[in-house]
Amino acid sequence: MATTAYVHVNLFNGQDDGFIPNSWLVVDNTTGRVTATGHGPTPNTDQVVDVADKFIMPGMINTHVHVDADANHTMDGPITETEVTLMALANLRQALQAGVTYVRNLGTGHDVDIKLRDAQQRYHFPAPGIVASGRLISSTGGNGDGPYHERNASYIVDSPDEMRRVVRQIIKNGADVVKVLVTGGVMSKGDDPRDVGFSAEELAVAVSEAHARRRKAVAHAQGTTGIQMALDAGFDSIEHGIYLNAEEARVMSERGVYLVPTLNAVESIVRDGRGHIPDYMVDKATTLSNAFFDNMRQAVALGVPMTTGTDAGTTFNDFGTGYWDELHLMVHKIGVSPQQTLYNATINGARLLGIDQDYGTLTVGKFADFIVLSASR
């Protein structure tokens, strides 16, 4: 077994607090897995890489992206499957260059995310690992059924039986997770984040069908009523959670239901949207932004488990700098500690994606999936 030791490392292993100085880790060159870690004297290995006191941490995980979206041209994005694929490849490369080594894609036309996930093993193009949802589920007139709805962008569901059929079809298509647009949204026209798109029975069917096939069910849920309905139905994560109230936050904390706030999705619209995207988007984001950040601070205080997801691809929220903006907002806007922010970006994300047996920490037996950072200036 040929091995490589990475030495003179300030190591955050994803399991213990802080970066441990004068550390090392040993990697099996064949399997790519960690065989040993420690600090102090370096073990004997076939190769040695001197990291020169830089910082190593697990690769970061973005738990909410849209690989088909163009963050700089949100109103005239890719339409054909070829265009969607080319946009997705560019976005995935940008994410990887930013230190994101795994993504959970939550809604892409033509099921391109599923196809790219499967193609990675054969063609070895530069991209993070992908957990894919394929097309998402909307109700008629809901968040995923705008005036110019494309058939290959989302499924439209209006009854429990239709929900059952569509969830089964999504899983047949190869999806890892099932994404349901429980409420309206910020960027969609003709609805509001507080609108609810489905009945309780429809949502219960979505979750039961997903869970019956060992898939997680993901709820785009922004309004208070929709969040409560998603929790009652048993969804595994709440995306956005703009109007999350204290009682709902307590329930999520008690049950271990993850919240993916996507802070930068709102912040970037308020900051940069005026004059570049329709006024209704900016008006909605501006109206709700104060309540959103207040509710996220309350969620932090009540111990709601979180991961780092950006909603990458939404306006001015790209796959590169957008992730670092999200980390900054977690610490400085809603009061997550720097240490907990590191956990949110690594092991919490791995747990939510169901890949924590192999990723999320740099511990023995897991893949040596890591990034190297220099000290900030």
Side-chain angles (χ1 to χ4, degrees), residues 64 66 104-109 111 132-173 175-213 215-245 247-249 251-252 255 257-262 265 284 288 292 295 309 311:
H64 190 132
H66 297 279
R104 184 178 62 157
N105 189 76
L106 294 180
T108 287
D111 294 335
S133 73
R135 284 172 277 178
L136 41 72
I137 301 173
S138 174
S139 58
T140 296
N143 188 15
D145 183 31
Y148 309 106
H149 175 258
E150 294 285 335
R151 184 178 63 85
N152 284 310
S154 62
Y155 292 97
I156 306 303
V157 166
D158 291 304
S159 73
D161 284 343
E162 288 181 8
M163 182 69 81
R164 182 172 292 105
R165 180 189 64 80
V166 163
V167 172
R168 290 174 179 177
Q169 182 65 53
I170 287 171
I171 295 171
K172 178 183 176 181
N173 294 347
D176 300 304
V177 296
V178 175
K179 164 86 174 290
V180 181
L181 296 169
V182 176
T183 71
V186 175
M187 296 187 67
S188 48
K189 188 174 184 179
D191 64 13
D192 182 275
R194 293 164 290 192
D195 295 343
V196 178
F198 295 98
S199 69
E201 185 181 1
E202 289 166 338
L203 296 178
V205 168
V207 174
S208 64
E209 289 294 326
H211 287 177
R213 290 159 180 80
R215 304 304 198 277
K216 290 186 177 181
V218 178
H220 163 106
Q222 298 186 341
T224 305
T225 301
I227 293 168
Q228 186 61 60
M229 291 179 68
L231 292 173
D232 290 343
F235 278 85
D236 299 288
S237 69
I238 301 295
E239 312 297 308
H240 317 301
I242 289 172
Y243 290 105
L244 180 74
N245 66 25
E247 182 54 35
E248 291 166 343
V251 169
M252 293 179 70
R255 295 183 188 172
V257 178
Y258 278 100
L259 173 64
V260 186
T262 66
K284 280 201 280 187
L288 61 81
F292 177 37
N295 292 336
D311 213 0

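Heavy atoms only: backbone and side chains are in, while hydrogens, waters and symmetry mates are out.
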Counting only N and O atoms by type, is there a donor-acceptor contact under 3.5 Å from the side chain of [X] to the main-chain atoms of [Y]?
X      : Y      : result
Asp176 : Ala132 : yes
Asp111 : Arg135 : yes
Ser133 : Gly107 : yes
Glu248 : Gln228 : yes
Asn173 : Ala175 : no
Asp145 : Gly142 : no

Least distance between heavy atoms, [X] atom then [Y] atom:
X      : Y      : result
Val182 : Ala219 : CG2-CB, 3.8 Å
Met229 : Ser199 : CE-C, 3.8 Å
Phe235 : Ala206 : CZ-CB, 4.5 Å
Pro193 : Gln222 : CB-OE1, 3.2 Å
Ser139 : Ile156 : C-CG2, 3.9 Å

Determine whether [X] and [Y] make a side-chain contact, defined as any pair of heavy atoms from C-beta on separated by less than 4.5 Å.
X      : Y      : answer
Leu244 : Thr224 : no
Ile171 : Arg215 : yes
Val218 : Val260 : no

Q: Check step by step if side-chain contact (heavy atoms from CB on, under 4.5 Å) holds for Phe198 and Asp158.
A: CA-CA 8 Å; Phe198 295 98; Asp158 291 304; 6.0 Å; no

Rounded to the nearest 0.5 Å, what's the gap from [atom1] on [X] to [atom2] on [Y]? Could you check?
X      : Y      : atom1 : atom2 : answer
Ser237 : Leu259 : OG    : CG    : 9.0 Å
Tyr258 : Ile238 : OH    : CD1   : 14.0 Å
Leu181 : Ser154 : CG    : OG    : 7.5 Å
Leu231 : Glu247 : CG    : CD    : 10.0 Å
Thr108 : Asn105 : OG1   : CG    : 3.5 Å
Thr183 : Tyr243 : OG1   : OH    : 10.5 Å

Q. What's the verdict on side-chain contact (heavy atoms from CB on, under 4.5 Å) for Lys179 and Ile170, showing C-alpha distance, side-chain angles and the deciding distance?
A. CA-CA 10 Å; Lys179 164 86 174 290; Ile170 287 171; over 6 Å; no

Q: Taking salt bridge (Lys or Arg N to Asp or Glu O under 4.0 Å) as the test, write out the residues that go with Lys284, two or more places apart.
A: Asp191

Q) Which is it for Val205 and Val167 under the side-chain contact (heavy atoms from CB on, under 4.5 Å) test, yes or no, and what are the steps along the way? A) CA-CA 9 Å; Val205 168; Val167 172; 6.0 Å; no

Q | Stepwise side-chain contact (heavy atoms from CB on, under 4.5 Å) check, Asn295 with Ile242 | A | CA-CA 7 Å; Asn295 292 336; Ile242 289 172; 5.6 Å; no

Q) Have His211 and Asp236 got a donor and an acceptor in their side chains that come within less than 3.5 Å? A) yes

Q: Give every residue pair that meets the salt bridge (charged side-chain N to carboxylate O under 4.0 Å, His left out) criterion with at least one member in residues 199-209, sequence neighbours excluded.
A: Arg164-Glu209, Arg168-Glu209, Glu209-Arg213

Q: Using the test ring pair (Phe, Tyr, Trp, His ring centres under 6.0 Å), find all partners of His220 that sit at least two apart in sequence or belong to another chain.
A: His240

